[in-house]
Amino acid sequence: MPELPEVEVVRRGLETWITGRTVDTVTVEHPRAVRRHLAGGADFAARLAGRTLEAPRRRGKYLWIPFGEGAVLAHLGMSGQLLVGAADAERQKHLRVRLTFTDGGPDLRFVDQRTFGHLMGSDLVPDPHGGQAPVPAIIAHIAADPFEEVFDDEAFHRNLKKRRTGVKRALLDQSLISGVGNIYADEALWHARLHGERPTARLTRPQAGLLLAAARGVMGAALDAGGTSFDALYVNVNGESGYFDRSLNAYGRRDEPCGRCGTPIRREVFMNRSSFSCPRCQPRPRGA
DNA sequence: CAAGGTACCTGTTAGC
DNA sequence: TGCTAACAGGTACCTT
């Protein structure tokens with residue numbers, strides 16, 4: 001599933017392949033792919049056609065390609081792919097949007113099986129979190145991600161203290177910290193030896209620091225490995241899957257021994273999804 | 001306003 | 001063999 005590292009791999013691929021190229025045609029193959037572009041698919045296409053694309057940018061799991069005062073914003077959802085390939089390549093079964101370029105070179109395709117992803121046009125506004133570069137207005141509520149210079153570790157801890165929720169919920173809350181999804185949340189919690197239902201209000205500053213370091217560590221390692229792949233759904237911009245799942249310590253490892261203490265990893269259902277943790281290293285908080 | 005539940009989706013796999 | 005249920009889960013939206 002595309003979380004921050006996977007989206008960054010896609011961004012880098014796009015940077016190589018589409019920066020400076022001018023869009024020729026835009027074909028929306030499925031209206032759901034542009035459902036958040038409220039003016040509709042025809043408007044989406046019209047806003048993009050003829051534009052020269054600048055270097056793609058990213059915050060958390062959101063990716064955007066600026067052009068002048070606006071941008072095309074992408075979220076890959078669970079299964080979205082942005083594929084650069086030969087303009088005459090076979091049509092993918094789940095092709096949602098296709099862009100061709102005036103140079104006649106490789107096209108750009110948004111392919112998305114489960115359709116949770118989307119593309120949309122958005123105006124750019126000054127970064128509400130203090131960054132130098134403008135950001136799409138529609139993601140103003142998305143927090144900086146932990147690899148950004150403007151991410152404030154102390155503010156993150158202060159915000160955790162103010163919350164009345166569990167630490168995994170907080171990690172998945174993109175308005176507190178962006179880019180972390182279910183997989184890297186479980187991995188970061190395992191490294192920090194915290195159960196996901198530990199109340200954020202009682203996290204010490206060292207614990208919060210350890211958690212941030214763990215999140216940066218696991219996502220950085222995944223980025224170095226070129227993104228994680230658990231099934232054929234995630235493919236980077238060049239169509240090649242990344243490999244990282246062997247490095248996972250908790251996620252998806254039910255009943256396998258914990259890498260620290262050997263206790264079988266447990267699976268719990270939380271927020272309608274799976275959570276994996278070590279029963280010994282990450283004991284449930286009392287009363288939870 | 002914070003917190004938490006749920007709809008939205010489709011392909012694969014486990015189980016009977 | 002064929003069917004059904006569970007599962008994968010990010011985000012907007014809704015209710016409390």
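Lettering follows sequence order; numbering is per chain, from 1. For clarity, every value in this text was computed on a predicted model and none was experimentally measured.
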Item to complete: Determine the contact category for A/Phe270: base if any of its heavy atoms lies under 4.0 Å from a base atom, sugar-phosphate if only primed atoms, P, OP1 or OP2 are that close, otherwise nothing.
Response: nothing

Worksheet item: CD of A/Gln174 versus P of C/dA12: gap in Å, rounded?
Response: 9 Å

Item to complete: Looking only at side-chain atoms of A/Arg163, point me to the closest of B/dA3, C/dA12, B/dG4.
Response: B/dA3

Item to complete: Rounded off to whole Å, could you give me the CD-to-P distance for the A/Gln113 and C/dC7 pair?
Response: 18 Å

Worksheet entry | Nearest to side-chain heavy atoms of A/Asn272, which nucleotide of B/dT6, B/dC9, C/dT11 | B/dT6

Fill in: A/Asp112 bridged to A/Arg32 by N-O distance under 4.0 Å
no

Discussion item. When you measure from the side-chain N and O atoms of A/Ser79 to the phosphate of C/dA8, is any distance below 4.0 Å, counting only OP1 and OP2?
Written reply: no

Practice prompt. Taking atom CZ of A/Arg205 as the centre, report whether more than 12 heavy atoms of other residues, nucleotides or ligands fall under 6.0 Å from it.
Written response: no

Practice prompt. Whole angstrom is fine here: how far is it from CG in A/Leu176 over to C1' in C/dT11?
Written response: 15 Å

Worksheet item: Which part of the nucleic acid does A/His118 contact within heavy-atom distance under 4.0 Å: base, sugar-phosphate only, or nothing?
Response: nothing

Worksheet item: NE2 of A/His141 versus P of C/dT11: gap in Å, rounded?
Response: 8 Å

Item to complete: Would you kindly compare A/His30 and A/Gly166 by the position of their nearest DNA chain B nucleotide and give the one closer to the 5′ end?
Response: A/Gly166

Fill in: Spacing between A/Lys93 atom NZ and B/dT12 atom P, to the nearest angstrom
7 Å

Worksheet item: B/dT10 phosphate, OP1 or OP2: any side-chain N/O from A/His94 under 4.0 angstrom?
Response: no

Practice prompt. Go through B/dC8, B/dG5, B/dT10 for me and flag the one nearest to the A/Arg32 side chain.
Written response: B/dC8

Worksheet entry | Nucleotide nearest A/Arg169 (side chain, heavy atoms from C-beta), chosen from C/dG10, B/dA3, B/dG4 | B/dG4

Item to complete: Could you state the atom-to-atom distance from NZ of A/Lys61 to C1' of C/dA12 in whole Å?
Response: 14 Å

Discussion item. Between A/Arg169 and A/Arg163, does the side-chain contact (heavy atoms from CB on, under 4.5 Å) criterion hold? Intermediate values first, please.
Written reply: CA-CA 10 Å; A/Arg169 272 186 198 280; A/Arg163 287 294 181 113; over 6 Å; no

Item to complete: Rounded off to whole Å, could you give me the CG-to-C1' distance for the A/Asp112 and C/dT11 pair?
Response: 13 Å

Practice prompt. Assess the side chains of A/Thr100 and A/Thr25: does a donor N or O sit below 3.5 Å from an acceptor N or O?
Written response: yes

Practice prompt. Could you tell me whether A/Glu69 and A/Arg51 make a salt bridge, using a distance below 4.0 angstrom between a side-chain N and a carboxylate O?
Written response: yes

Discussion item. Check the phosphate of C/dA8 against A/Ser274, side-chain N and O only, distance under 4.0 Å to OP1 or OP2. Yes or no?
Written reply: yes

Fill in: Distance-minimising heavy-atom pair for A/Glu90 and A/Arg109
O-NH1, 3.0 Å

Fill in: Along DNA chain B (nearest heavy atom to each residue), the more 5'-positioned of A/Arg273 and A/Asp173
A/Asp173

Worksheet item: Which nucleotide sits closest to the side chain of A/Arg267: C/dC7, C/dA12, C/dG10?
Response: C/dC7

Item to complete: Select base, sugar-phosphate, or nothing to describe what A/Arg35 touches, counting heavy atoms under 4.0 Å on all strands.
Response: nothing

Worksheet item: In whole angstroms, how far is the P atom of B/dG5 from the NZ atom of A/Lys168?
Response: 14 Å

